[in-house]
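Have a look at the structure below before the remarks.
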Amino acid sequence: MSRQQLSRSFYLQPTLDVARRLLGMYIVRRTPQGRLAGRIVEVEAYLGELDPASHAYRGRTARNDVMFRKGGHLYVYFTYGMHFCSNVVTESKGTGHAVLLRAVEPVEGVQILAKRRDVNPTDIEQLCNGPAKLCQAFGITREHNGTDLCGETMWIERRDPPLAEELIGVSTRVGISTGKEQQWRFFMKGNRFVSKGRPAMQNRH
DNA sequence: TCCGAGATTCACT
DNA sequence: GTGAATCTCGGAG
């Protein structure tokens, strides 16, 4: 299968569709040390002003400004005093919808990812199995907030055929205090690179 | 294996 | 002033 960078139109689809379809795609970042890439195995959808758990729920602010741009931008936020998390903005400009990248399977640049995480490269499962770990490993910080994924520094590409529907697990989201009833977390069933975060309710399927 | 707390910054109320 | 879309470590069971 050829490698194909996702175009703008991909990100403009309905957020829950984008979230599901991102599973199995590859996030790629160019760095001076080399190329980093990981296969996306876990995501969560945040539906802007419809979603009390979303940063965009209360409207546009300086912090969440990027969420209100058109789909295909990267929204990076800082939380818990020490962590960054990355989101892919979806749908058209002004909706505030986004998909949180929660876990990836390291594919390229494993040595670099391990060095940034300060863990043994043989401990590959620990490199990117959580939204903040993923950012640390890929070196994603506030500088990358607003990056256009349709550009050439960081992007998402398709390498494999679409994931079979029965391989996609669904559950409630992790680490939130409101909007717990929504089953907007999607992950690859049985994949060892999925994060350890425990959703509020048991997984479906 | 599980659970609780600390780390540490900043946007928002 | 408060608490957050988290992670890690240490201690208890």
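Throughout, a chain's letter reflects where its sequence line sits, starting with A, and its residues are numbered from 1.
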What's the [atom1]-[atom2] distance between [X] and [N], to the nearest Å?
X: H83(A); N: dA5(C); atom1: NE2; atom2: C1'; result: 12 Å
X: D118(A); N: dT8(C); atom1: CG; atom2: P; result: 10 Å
X: L127(A); N: dC7(C); atom1: CG; atom2: P; result: 13 Å
X: Y57(A); N: dA11(B); atom1: OH; atom2: C1'; result: 18 Å
X: K196(A); N: dC2(B); atom1: NZ; atom2: P; result: 12 Å
X: Q136(A); N: dT8(B); atom1: CD; atom2: C1'; result: 15 Å
X: M82(A); N: dT8(B); atom1: CE; atom2: C1'; result: 6 Å
X: L134(A); N: dA5(C); atom1: CG; atom2: P; result: 17 Å

How is [X] classified with respect to the nucleic acid when contacts are heavy atoms under 4.0 Å: base, sugar-phosphate, or nothing?
X: R173(A); value: nothing
X: A132(A); value: sugar-phosphate
X: L100(A); value: base

F78(A) atom CZ: more than 12 heavy-atom contacts under 6.0 Å:
yes

Can you confirm if the NZ or CZ of R3(A) lies within 45° of the ring axis of Y26(A) and under 6.0 Å from the centre of its six-membered ring?
no

Measure from NZ or CZ of R185(A) to the centre of the six-membered ring of F187(A), then state whether that distance is under 6.0 Å and the direction lies within 45° of the axis.
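Here R185(A) passes the 6.0 Å and 45° test against F187(A).
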
Under a 4.0 Å N-O cut-off, is there an ion pair linking R173(A) with E44(A)?
no

Measure the distance between the ring centre of Y46(A) and the centre of the six-membered base ring of dA5(C), then answer whether it is under 5.5 Å with planes under 30°.
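So Y46(A) counts as stacking on the base.
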
Which nucleotide sits closest to the side chain of [X]: [options]?
X: R58(A); options: dA4(C), dT6(C), dT13(B); answer: dT13(B)
X: F78(A); options: dA5(C), dC7(C), dC10(B); answer: dC10(B)
X: V174(A); options: dC7(C), dA5(C), dT6(C); answer: dT6(C)
X: R142(A); options: dT6(C), dC10(B), dA5(C); answer: dC10(B)

Counting Watson-Crick and G-U wobble pairs with both distances under 3.5 Å, what is the dot-bracket string for DNA chain B, 5' to 3', using [ ] for crossing pairs and | for pairs to another strand?
|||||||.||||.

Ring centres under 6.0 angstrom apart (H55(A), Y77(A)):
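Ring centroids of H55(A) and Y77(A) are less than 6.0 Å from each other.
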
Check for a donor-acceptor pair, side chain of N145(A) on one end and backbone N or O of V76(A) on the other, with a separation under 3.5 Å.
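Looks like yes, one N/O pair under 3.5 Å.
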
Using only side-chain N and O atoms of [X], determine if any of them is under 4.0 Å from OP1 or OP2 of [N].
X: R117(A); N: dT8(C); answer: yes
X: K133(A); N: dT8(C); answer: yes
X: R185(A); N: dA5(C); answer: no

R60(A) or T79(A), whichever maps to the more 5' nucleotide of DNA chain B:
T79(A)

Can you check the distance between dA5(B) and dG3(C), where both ends of the measurement are the C1' atom (answer in whole Å)?
15 Å

Between T31(A) and R29(A), is any pair of side-chain heavy atoms under 4.5 Å apart?
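Heavy-atom side-chain distance check passes, below 4.5 Å.
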
Under a 4.5 Å cut-off applied to non-hydrogen side-chain atoms, are I156(A) and Y11(A) in contact?
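Sidechains of Y11(A) and I156(A): in contact.
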
I'd like to know if Y80(A) reaches the base of dA7(B) with its side chain, counting only an N/O donor and acceptor under 3.5 Å.
no

